[in-house]
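Keep in mind it's a predicted model, so treat the numbers as computed, not measured.
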Amino acid sequence: MTLVHPPAGDRAPEAARAALAAARAARAGDLDRRLAALLAAALDVPGRSAPPATPPSGTVPTDAAPSDAALSRAASSGAASSGAASSGAAPFAVRASAAAPGTPPADALPSGVALAAVGSHGRRELTPGGDLDLVLLHRGRPDIAEIADRLWYPIWDSGLRLDHSVRTVAEARTVARADLKAALGLLSVRRVAGDHTLVDELRAAVLADWRADARVRLPELAELCRERWEKQGELAFLLEPDLKEAHGGLRDVHVMRAVAASWIASAPDGRVMAAHDLLLDIRHALHESTGRSTDRLVLQEQEAVARAVGLPDANILLSAIAEAARTVTYAADHLWRRVARSTGPRRAPVERRPVGDGAVEHDGEVVLARNADLSDPALVLRVAAAAAQAGLPLAPATVARLAADAALPDAPWPPEARGALVSLLGAGPAAIGVWEALDQAGLIVRLLPDWERVRNRPQRNPVHRFTVDRHLVETAAGAAALTREVARPDLLLVGALLHDIGKGWPGDHSTSGAVVAHDLGAALGFPDGDVRVLETVVRHHLLLPETATRRDLDDPVTVGTVTAAVSAVPGREREILELLAALAVADGTATGPAAWGAWKARLVAELARRAAAALSGGTPPPPPVLGPDRLALARHDGAAVRVIGSRITIAAPDRPGLLWRAAGVLALHRLAVRTAHTVSSPATDARTAVLDFTAVPEYGAPPDPAALEADLRRMLADRLDVADRLDRRARSVRIRPGAAVPPPRVMIVEDASDTATVVEVRAHDRPGLLWRIGQALGACGLHIRAAQVDTLGAEAVDVFYVVDGDGAPITDTAALAAVRSQVLSALA
């Protein structure tokens, strides 16, 4: 296992990790000596009065190093403490010291009693914040409780966290057969001191039972793992991962060892153990850095942990974690498939069944056909495509054989290789596991050299669920469901695979990605016209979603912006527009639920429809006209309000401040605006404005719809002082410190409209944000003619089309600067 992107010529990572491993080994040896001394002391003083009968409540926290006084108390009782910590940068490092003078060797202790370690200390992997898990074994000694008290209390006094039990071999065996977690711990049992025979008997008994019951216990273990994965998520793709419990973490390697002990599968190989060792070193560094027993690598600790393991920064650290976790996950997935085959119902012998040229199915996996031509440059991709299309995994031995011996296509790729790539991507979600198999073997980087720059690259944005490379594969898999929507499904799939490839380069990723896509498209053997289409699609892959959510669709400039962009390849404008519309759906869905929803999907589809109409030479659709039902709302007492679930609709005669005053009422009722859209249309004798909000409770249950409607009507009738109510609420709210967020950004978007000034605001979302922005615009004497409000995770992107008192856009530079300053002040 190699660290991802280590500094050139720098041995710091290796040296730092070697020091951590040495510290663990020294600590394990020192703990063993101290524990042996404690056991010897406990056995040598049979008449000593026992400590108090009630043990310390709970476990002793490890937030502080054990004191010298505690060590002295433990030593004076005849045993050196095992929990002393050094001062300085490593507060949990155990002081090296010999066993107490005069203590007999561990082998010389009386027979019939043994002290054994399980868990991390049993594996000699105890990190500074880890728990000490001990078992005191005996052959039915009547004084074992007194011995145990003399053993456990000095450990508690030293400040170590201790899990402990006292068992005969028969009792421990019974517990292991009834408790799956206890069995997993005892599989790693290791003698610390005392009777060898006792520990050997226990180990042999637990292993025998584990192997005899494997067909029952392993499915239980698989279910336990699935529950843990569902709760903790994928280690490779988390911004603040749990290094131990997440899918692909340390716990999975421990489980793989347990499965191997059943003789159903092989032990984890060298790559998996190297990944395990890296994660263990990172966990060790996390414990030292925080001084706490924590396995979650939170953002504020990542820089310090990166330095502790010799890496330049947190991004490289997350990349290294992703690589290690993916190695573990891939191996574990194969192991569990093997377990399922071995423990499931007995099956008849499986015949080899062809699934593609050079590929056959065997025992639920795809393997090479006997006559496969390893000199064929399309073979790797063709076998991979066959597996994905069949919904089957590639056998690890087959992947290794392909990586070692199969030819790969040279640039430009032959049509067969390019077609196989498209077929692989077109398999949809089934392609993800096959792609991962190729990637684990190093084949993806050899096929697409630019992949190296995005491989395991973290995205420090909570909206994104995946690393850059996995996001690209997920997007391509999602695009497979949209190939019926476009004339060139091959360009859609390859464009989806490459749309964020520029994130591995400096600068705007759309611009740099277009250059990479052009080069890769040519290397894949696409003709020049197709290469230009790919380049355009990658350059403008954000055009439709950003324009649809941040611009007024009724403004002719908006559609003109789209048609100008897709005209980069003359004669293929409609084709590019189709590709961009489908890619927007696949990209947004693969990013995560905060980046894509029904509202955005409708806006993108509508913008694409209008642009298509303009490209076809037809007349763009007219601005939306209020239907009779909404006009009827406005005629009812001059204004009307409807609240249905999270949807709030207001129809009223248009007037300055209507939008932000309505938003203020929503804030009064503790509603957070997620989306807002305004439509203004002439009514019989006045302009009627319709405001559509999607708003959800900040917390708790939603407000009473009747009370909300009443306050909105009072606001429309100028009988509600929204500003005063909001000010009183703000004074009553206790401000709590939160995570640091970037400062807000306010931009005046030039050339976005001929009839209004476009103000775009990007800020951290918080209650009343829309109210504050609107109030600031109102203070500048501006009227909001239209608005597009969107919230992505914790970030708001709000766009306002504003005009002055005469209904005209603002052109004066000083006035525009004042608007920007006023909004920024309101957000401070």
Query raised in the report: Do Arg574 and Glu578 sit within salt-bridge range, that is, some charged N less than 4.0 Å from a carboxylate O?
Result: no
Report task. For Gln459 and Phe466, indicate whether the former's side chain and the latter's backbone hold a donor-acceptor pair under 3.5 Å. Result -> yes
Query raised in the report: So, do Glu760 and Met747 sit near enough that their side-chain heavy atoms are less than 4.5 Å apart?
Result: yes
Requested in this report: Evaluate the side-chain proximity of Val538 to Ser510: yes if any heavy-atom separation is below 4.5 Å, no if none is.
Outcome: no
Query raised in the report: Would you call Glu452 and Arg455 a salt bridge, using N to O less than 4.0 angstrom?
Result: no
Report task. Could you tell me whether His499 and His540 have their ring centroids closer than 6.0 angstrom? Result -> no
Report summary line: Note: Ile810 and Ala815 closest approach over all heavy atoms is CG2-CB, 3.7 Å
Report task. State whether the side chain of Lys600 and the backbone N or O of Ala595 hold a donor-acceptor pair below 3.5 Å, judged by distance alone. Result -> yes
Query raised in the report: Do Val799 and Val789 come within less than 4.5 Å of each other through their side chains, counting heavy atoms only?
Result: no
Query raised in the report: Is the backbone N or O of Val696 less than 3.5 Å from a side-chain atom of Arg674, with the two atoms forming a donor-acceptor pair by type?
Result: no
Requested in this report: Mind checking ring pair (Phe, Tyr, Trp, His ring centres under 6.0 Å) for His669 and listing every partner two or more places apart, or none if nothing turns up?
Outcome: none
Report task. Would you please test Leu708 and Val641 for side chain to side chain contact (heavy atoms under 4.5 Å, CB included) and show each step? Result -> CA-CA 9 Å; Leu708 176 59; Val641 177; over 6 Å; no
Query raised in the report: In Å and rounded to the nearest 0.5 Å, what is the OG1 to CD1 distance from Thr694 to Ile648?
Result: 7.5 Å
Report summary line: Paired with Thr547, the side-chain contact (heavy atoms from CB on, under 4.5 Å) test is passed by just one of Leu553, Asp552, Val604, Leu607, namely Leu607
Report task. Locate the shortest heavy-atom distance separating Arg465 from Ala590; write the atom from each residue and the value. Result -> NH2-O, 3.3 Å
Query raised in the report: When you look at Asp554 and Arg610, which way does the salt bridge (Lys or Arg N to Asp or Glu O under 4.0 Å) test go after all the steps?
Result: CA-CA 10 Å; Asp554 300 331; Arg610 296 184 182 207; 3.2 Å; yes
Report task. Taking only Lys NZ, Arg NE, NH1 and NH2, and the carboxylate oxygens of Asp or Glu, determine whether Arg647 and Asp692 approach each other closer than 4.0 Å. Result -> yes
Query raised in the report: So Leu716 and Arg661, side chain to side chain contact (heavy atoms under 4.5 Å, CB included) or not? Walk me through it.
Result: CA-CA 9 Å; Leu716 292 173; Arg661 285 187 172 87; over 6 Å; no
Query raised in the report: Quick one: do the Arg307 and Gln302 side chains pair a donor with an acceptor below 3.5 Å?
Result: no
Query raised in the report: Once you round to the nearest 0.5 Å, how far does CD1 of Ile576 lie from CZ of Arg532?
Result: 8.5 Å
Query raised in the report: Taking the side chain as C-beta and beyond, is there a heavy-atom pair between Arg719 and Arg713 under 4.5 Å?
Result: no
**Report entry** From Asp508 atom CG to Lys503 atom NZ, the distance as rounded to the nearest 0.5 Å
**Finding:** 10.5 Å
Query - Leu659 vs Phe800 side-chain heavy atoms within contact, under 4.5 Å - result: yes
Query raised in the report: Between the main-chain N or O of Ala514 and the side-chain N or O of Arg539, is there a donor-acceptor pair closer than 3.5 Å?
Result: no
Query - Thr589 and Val585, any side-chain heavy atoms less than 4.5 Å apart - result: yes
**Report entry** SB check Glu575 Arg572 (cutoff 4.0 Å)
**Finding:** yes
Query raised in the report: For Leu472 and Leu498, what are the C-alpha separation, side-chain angles and deciding distance, and is it a side chain to side chain contact (heavy atoms under 4.5 Å, CB included)?
Result: CA-CA 7 Å; Leu472 293 176; Leu498 303 180; over 6 Å; no
Requested in this report: Evaluate salt bridge (Lys or Arg N to Asp or Glu O under 4.0 Å) for Asp711 paired with Arg725, printing each intermediate quantity in order.
Outcome: CA-CA 11 Å; Asp711 274 354; Arg725 291 266 299 268; 3.6 Å; yes
Query raised in the report: Should Thr467 and Leu318 count as side-chain neighbours, where that means a heavy-atom distance under 4.5 Å?
Result: no
Report task. Test the Arg453-Trp505 pair against the cation-pi criterion, namely NZ or CZ under 6.0 angstrom from the six-membered ring centroid and within 45° of the ring axis. Result -> yes
Query raised in the report: Among side-chain atoms of His783 and Asp804, is any donor-acceptor pair under 3.5 angstrom?
Result: no
Query raised in the report: Nearest 0.5 Å, what's the CG-OG1 distance between Asp587 and Thr475?
Result: 5.0 Å
Requested in this report: May I ask you to decide whether Arg470 forms a salt bridge with Glu474, counting only side-chain N to carboxylate O separations under 4.0 Å?
Outcome: yes
Query - Heavy-atom closest contact (Ala695 atom, Leu671 atom, distance) - result: CB-CB, 4.0 Å
Report task. Check whether any side-chain N or O of Asp806 sits under 3.5 Å from a backbone N or O of Ala808 as a donor-acceptor pair, and report yes or no. Result -> no
Query - Criterion side-chain hydrogen bond (donor to acceptor under 3.5 Å, both in side chains) on Thr561 and Arg551, from CA distance to verdict - result: CA-CA 10 Å; Thr561 300; Arg551 302 292 177 262; over 6 Å; no
Query raised in the report: Is there a donor-acceptor contact under 3.5 Å from the side chain of Trp596 to the main chain of Gly588?
Result: no
Requested in this report: Quick one: closest heavy-atom pair of Ser753 and Tyr801, and the distance?
Outcome: CB-CE2, 3.7 Å
Query raised in the report: Is there a donor-acceptor pair closer than 3.5 Å between any side-chain N or O of Glu573 and the backbone N or O of Gly571?
Result: yes
Query raised in the report: If you look at every heavy atom in Ala517 and Leu534, which pair is closest and at what distance?
Result: CB-O, 4.4 Å
Report task. Please assess Glu606 against Arg602 for the test salt bridge (Lys or Arg N to Asp or Glu O under 4.0 Å), listing each intermediate value before the final yes or no. Result -> CA-CA 6 Å; Glu606 176 63 16; Arg602 287 195 299 270; over 6 Å; no
**Report entry** Arg457-Asn315 side chain donor-acceptor pair, cut-off 3.5 Å
**Finding:** no
Query raised in the report: Ile773 and Asp798: which non-hydrogen atoms are nearest, and at how many Å?
Result: CD1-OD2, 3.8 Å
Query raised in the report: Given the rule in the side chain to side chain contact (heavy atoms under 4.5 Å, CB included) test, do Leu782 and Val803 qualify, once you have shown the distances and angles that lead to the verdict?
Result: CA-CA 6 Å; Leu782 301 178; Val803 293; over 6 Å; no
**Report entry** Ile501 side, atom CD1; Trp451 side, atom CH2 - distance, nearest 0.5 Å
**Finding:** 5.5 Å
Query raised in the report: Got Trp660 and Val722 here, is their nearest side-chain heavy-atom distance under 4.5 Å?
Result: no
Query raised in the report: Quick check, are the ring centers of His541 and His509 under 6.0 angstrom apart?
Result: yes
Query raised in the report: Roughly how far, to the nearest 0.5 Å, is OG of Ser567 from CG of Leu615?
Result: 6.0 Å
